[in-house]
Amino acid sequence: MSILPHWVTFKKELQSVCVYKEIGIENIDRASIDICGLGYYELYINGKKVSEDILMPAWTDYKERDFSSLLYPSNDTTSHRIYFNKYDIKDYLKKGTNTVCVMVGNGFFRQQERYAEGDNCYSEELILGFDIGIKANEKEVHIYSDESCVYSENFIKFNNVYFGEKHDYAVFDMNMVATIPERTEPCIKTERPESPIMLQDCPPDKVIKRIPAEKVFDNGNRKVYKLNETISGHAVLRSNGGNIKLKYSDYMNEDGSFVYEYTGGNGQIAFDEYYNTKPGQILYPHFTWHAFTYFDIDGNCEVLGADVVHSDCKQTVKFNCSNENLNWLFNAYIRTQLDNFHGGVPSDCPHRERLGYTGDGQLTAETAMLLLDTDKFYEKWIRDIMDCQDIKSGHVQHTAPFYGGGGGPGGWGCAMVVVPYKHYKRFGKKEILKEAYPNMTRWIDSMVSFSENGLIVREYKGGWCLGDWCTLEKVTIPEPLVNTYYFIKSLGYLIEICNILGKKASRFEELKTISEKAFKNEYFNEDNGTFANSIQGADVFGYDLGLGDERTLKKIVDIYSEKGHFDTGIFGTEILCTVLADTDNYELLYKLLNSEDLGSFAFMRKNGATTLWENWNGRESRNHPMFGGPAKHLIYGFAGMRYENGKFVFEPHITDGLEYINAEEESERGKAKIYWKKDNGTITIEAESDKEAILKFGNEETVFTGKVNKTYNI
């Protein structure tokens with residue numbers, strides 16, 4: 001029998017419904033449910049919520065839809081899939097009559113109002129499918145979502161992923177999930193979705209923790225509360241009765257008014273509204289999240305705090321050192337990345353766009369995989385990238401799941417190769433490489449079609465063809481330079497992947513040689529060893545490809561030693577930091593990461609940020625992880641902790657300005673710690689590993705298991 005064979009729908013005008021099924025049980029040995037509610041659902045049995053998972057199932061490119069109404073229309077033909085969830089429900093059932101209630105809301109599936117990117121709605125209807133399997137006395141029965149189920153409207157009168165929710169408790173409240181109300185209607189049979197339906201195995205979204213909120217403004221009618229960090233989640237209230245309205249923002253003016261510029265502008269203000277509440281009711285949104293530092297309240301209630309909501313990806317690496325700017329960078333990156341983990345998608349920002357931009361995602365994938373438990377998270381997103389690829393041409397969209405948005409063929413499309421490659425390097429699984437390999441090769445075909453004489457010079461007519469993005473000043477680095485860099489870099493990864501999988505790489509080697517020659521002929525100055533006049537980090541692109549020489553590296557060091565800050569965009573910044581680390585220029589890397597100039601991370605900190613910005617000057621979103629990739633060098637480089645060939649290797653890089661560093665990892669690879677400290681011309685290094693490890697310093701190597709403590713002259 002197929003997965004979830006029976007599906008139902010409801011009146012289109014309802015924004016959210018509660019679906020009911022009564023089950024009579026005499027005996028029970030085992031019981032489970034397969035369930036999918038689109039957009040989102042919450043499952044209750046006898047009034048008790050099944051699982052702490054929320055915003056389920058994970059977001060995907062659910063089904064075929066018309067792309068013509070997008071801001072940037074597409075003629076691509078993409079793939080689709082839908083996830084269902086499985087839960088053991090034996091402990092929720094009792095002997096006798098049981099009431100199953102499923103609350104269904106819009107989610108991304110029926111996203112009907114949107115600030116940007118055009119119409120992205122997949123469906124005008126909410127739909128639900130479930131299959132309850134109960135086994136007793138060697139017999140198994142199945143109970144389905146069919147016309148025997150009934151439904152009613154509920155208290156959620158409006159729910160929108162980007163805006164918020166409106167609840168009306170005049171008739172209904174949360175008690176309705178425990179018993180079937182008097183007025184219901186039979187569910188309407190609908191067709192099973194045509195897309196493949198698969199079991200979700202990526203981490204679900206959850207309420208991770210609740211943090212306090214401090215009242216910072218009160219004029220009698222309007223009260224403003226502040227968190228000590230910018231989060232994704234929602235405020236939680238206890239009503240004293242009446243109507244209560246909230247708005248969310250991440251910045252506030254001195255007079256208490258909110259700044260909405262960074263979260264979507266005045267056209268997309270995040271809110272929650274609760275009408276006809278009763279004293280004692282706990283209030284929070286069910287089918288969205290907000291991203292905020294501040295929220296205001298108009299109404300009579302008690303603030304219980306704010307729930308932090310994101311995909312349940314545990315932090316696996318910790319870091320602190322003597323420099324507060326570096327500590328801020330590490331913690332701000334972690335916070336920003338987690339704020340942008342929802343539904344198995346690494347988004348660009350958790351408020352204004354909420355899109356899985358492939359450029360942003362590939363840039364930060366390695367760092368996220370290092371610092372967070374993201375194996376299954378990125379496996380899921382890799383499949384989203386595969387689904388957003390044009391079946392015919394191999395072109396990869398700029399967002400995955402595809403939801404509109406601009407980018408470029410190189411820095412964005414390369415996610416099809418880069419993310420599976422980085423996933424393999426971190427988690428060592430060949431399976432995802434095998435699965436994605438045909439998609440990688442088709443992406444190479446698309447890039448060849450976008451090339452002239454070995455350079456990537458275009459994308460689709462009328463579409464975007466960005467090179468670097470969000471440079472300090474207006475972007476002037478040539479787009480073909482950046483796009484060709486990523487083509488060559490990806491070809492290098494693909495050649496390595498071929499060796500891993502035992503496949504022929506000759507075609508990719510030939511393409512790489514052709515594009516390397518074209519890149520060097522077009523951009524390299526033989527007289528002085530620079531690329532494209534060294535504009536906005538152009539030299540680091542060429543040098544990282546191995547096409548420069550010692551003069552190129554000297555120019556890079558000279559330019560950024562003099563500047564003392566970044567002028568590069570999202571790609572150039574990541575590559576610059578990597579080149580400096582790879583060439584042991586840690587003093588300069590430290591200088592750039594510690595700078596407080598405009599064009600630096602510490603400039604964000606100095607201006608009150610707790611999350612990373614989209615632009616160096618603070619314009620647009622202020623909760624954007626795309627610049628955060630260099631945080632990995634705090635661990636790999638300055639702390640000197642990495643994992644190679646099944647062993648932890650400790651090789652710290654000592655720089656002026658750093659007096660000590662603590663770093664530790666606890667993951668499926670094992671447990672490891674390093675602490676180093678300077679003291680009167682010496683450095684003491686304490687390292688610890690639960691398996692055989694290596695400590696390297698100077699010309700000395702120490703192989704150990706357990707703990708080691710060494711002191712060196714410096």
Side-chain angles (χ1 to χ4, degrees), residues 38-39 58-82 106-125 160-163 193-195 263-265 267-268 288 340 342-362 381 383-416 439 442-443 446 449-450 458-466 469 479 483 614 620-621 624 626:
L38 297 176
W59 177 23
T60 60
D61 195 278
Y62 306 101
K63 56 182 288 190
E64 186 176 350
R65 68 193 193 281
D66 182 9
F67 295 151
S68 64
S69 60
L70 295 179
L71 184 61
Y72 304 100
S74 172
N75 293 317
D76 285 357
T77 301
T78 57
S79 304
H80 321 285
R81 73 186 70 206
I82 293 171
N106 291 326
F108 286 99
F109 185 69
R110 195 172 70 156
Q111 181 58 49
Q112 296 173 311
E113 295 185 37
R114 179 73 173 92
Y115 165 72
E117 307 302 343
D119 181 10
N120 274 298
C121 186
Y122 290 88
S123 174
E124 295 182 357
E125 299 177 322
N160 180 286
V161 170
Y162 289 94
F163 287 90
E194 293 182 359
S195 303
T263 56
Q268 187 178 295
T288 189
N340 281 279
H342 291 279
V345 177
S347 63
D348 61 330
C349 58
H351 34 58
R352 186 187 74 216
E353 294 178 287
R354 305 187 177 197
L355 299 178
Y357 271 101
T358 46
D360 306 42
Q362 66 90 0
W381 193 55
R383 295 185 177 104
D384 290 334
I385 301 171
M386 293 162 62
D387 284 346
C388 84
Q389 184 178 38
D390 182 26
I391 293 172
K392 298 177 181 178
S393 72
H395 170 252
V396 171
Q397 303 287 352
H398 306 138
T399 57
F402 181 45
Y403 217 63
W412 281 258
C414 73
M416 189 65 265
N439 301 76
R442 291 207 308 273
W443 177 71
S446 75
S449 73
F450 297 145
R458 62 181 175 273
E459 203 176 50
Y460 285 151
K461 184 178 181 181
W464 289 59
C465 190
L466 294 181
W469 186 238
E479 287 88 352
N483 284 304
E614 180 178 9
E620 306 296 342
S621 162
H624 239 76
M626 63 188 188

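Keep in mind that what you see is a predicted model, and the values were worked out from it rather than measured. Position 1 is the first residue of the sequence, and the numbers go up from there. All values below come from the heavy atoms of this structure, side chains included, with hydrogens, waters and symmetry mates left out.
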Residue set satisfying side chain to side chain donor-acceptor pair (under 3.5 Å) with R65, at least two apart, ordered chain then number -> D61, N120, Y122

OG of S195 to CG of D387, rounded to nearest 0.5 Å, is 9.0 Å

Taken to the nearest 0.5 Å, the spacing of C349 SG from E620 CD works out to 9.5 Å

One pair to check against side chain to side chain donor-acceptor pair (under 3.5 Å): S74 and Q397. What are the steps and the verdict?
CA-CA 9 Å; S74 172; Q397 303 287 352; 3.3 Å; yes

Is there side-chain contact between R354 and Y162, with heavy atoms separated by less than 4.5 Å?
yes

CZ (R442) and CD (Q389) are apart, to the nearest 0.5 Å, by 4.5 Å

Heavy-atom nearest pair, L38 first then I82, reads CD1-CD1, 3.9 Å

Nearest heavy-atom approach of Q268 to H351 is NE2-O, 3.3 Å

Report yes if the side chains of W59 and D384 come closer than 4.5 Å at any heavy-atom pair, otherwise no. no

Margin query: A side-chain contact here means heavy atoms from C-beta on lying under 4.5 Å apart; do H80 and E64 qualify?
Written below: yes

Across all chains, not counting sequence neighbours, the ring-ring contact (aromatic ring centres under 6.0 Å, His included) partners of F402 are F67

Correct closest heavy-atom pair for E125 and F109 would be O-CE2, 3.3 Å

Is it the case that more than 12 heavy atoms not belonging to Q112 sit under 6.0 Å from its CD atom? yes

Main-chain N/O of A400 paired with W381 side-chain donor or acceptor, under 3.5 Å:
yes

Taken in chain and number order and not counting sequence neighbours, the residues that satisfy ring-ring contact (aromatic ring centres under 6.0 Å, His included) with Y357 are none

Nearest heavy-atom contact between S621 and H624 is OG-ND1, 2.9 Å

- Query: Does any non-hydrogen side-chain atom of E353 lie less than 4.5 Å from one of T399?
  - Reply: no

In short, G407 meets H398 closest at the heavy-atom pair N-ND1, 3.1 Å

Taken to the nearest 0.5 Å, the spacing of F450 CZ from C465 SG works out to 8.5 Å

Looking at S446, is its backbone amide N or carbonyl O close enough to the side chain of S393 to form a donor-acceptor pair, meaning the two atoms are under 3.5 Å apart?
no

Subject >> Pairwise side-chain contact, T77 with D390, heavy-atom cut-off 4.5 Å (strictly under) >> reply: yes

_Steps toward side chain to side chain donor-acceptor pair (under 3.5 Å) verdict (D76, Y460)_ = CA-CA 10 Å; D76 285 357; Y460 285 151; 3.1 Å; yes

### Query
Heavy atoms, side chains only, cut-off 4.5 Å: are Q111 and N160 in contact?
yes

Heavy atoms, side chains only, cut-off 4.5 Å: are P401 and C388 in contact? no

When every non-hydrogen atom of G408 is compared with those of E459, the smallest separation belongs to C-OE2, 3.6 Å

Rounded to the nearest 0.5 angstrom, the OG1-CZ distance for T60 and R383 is 13.0 Å

When rounded to the nearest 0.5 Å, the distance separating CG of N340 from CE of M626 is 11.0 Å

For this session: Indicate yes or no for a side-chain donor-acceptor contact from R110 to the backbone of E124 under 3.5 Å, with no hydrogens or angles considered.
Result: yes

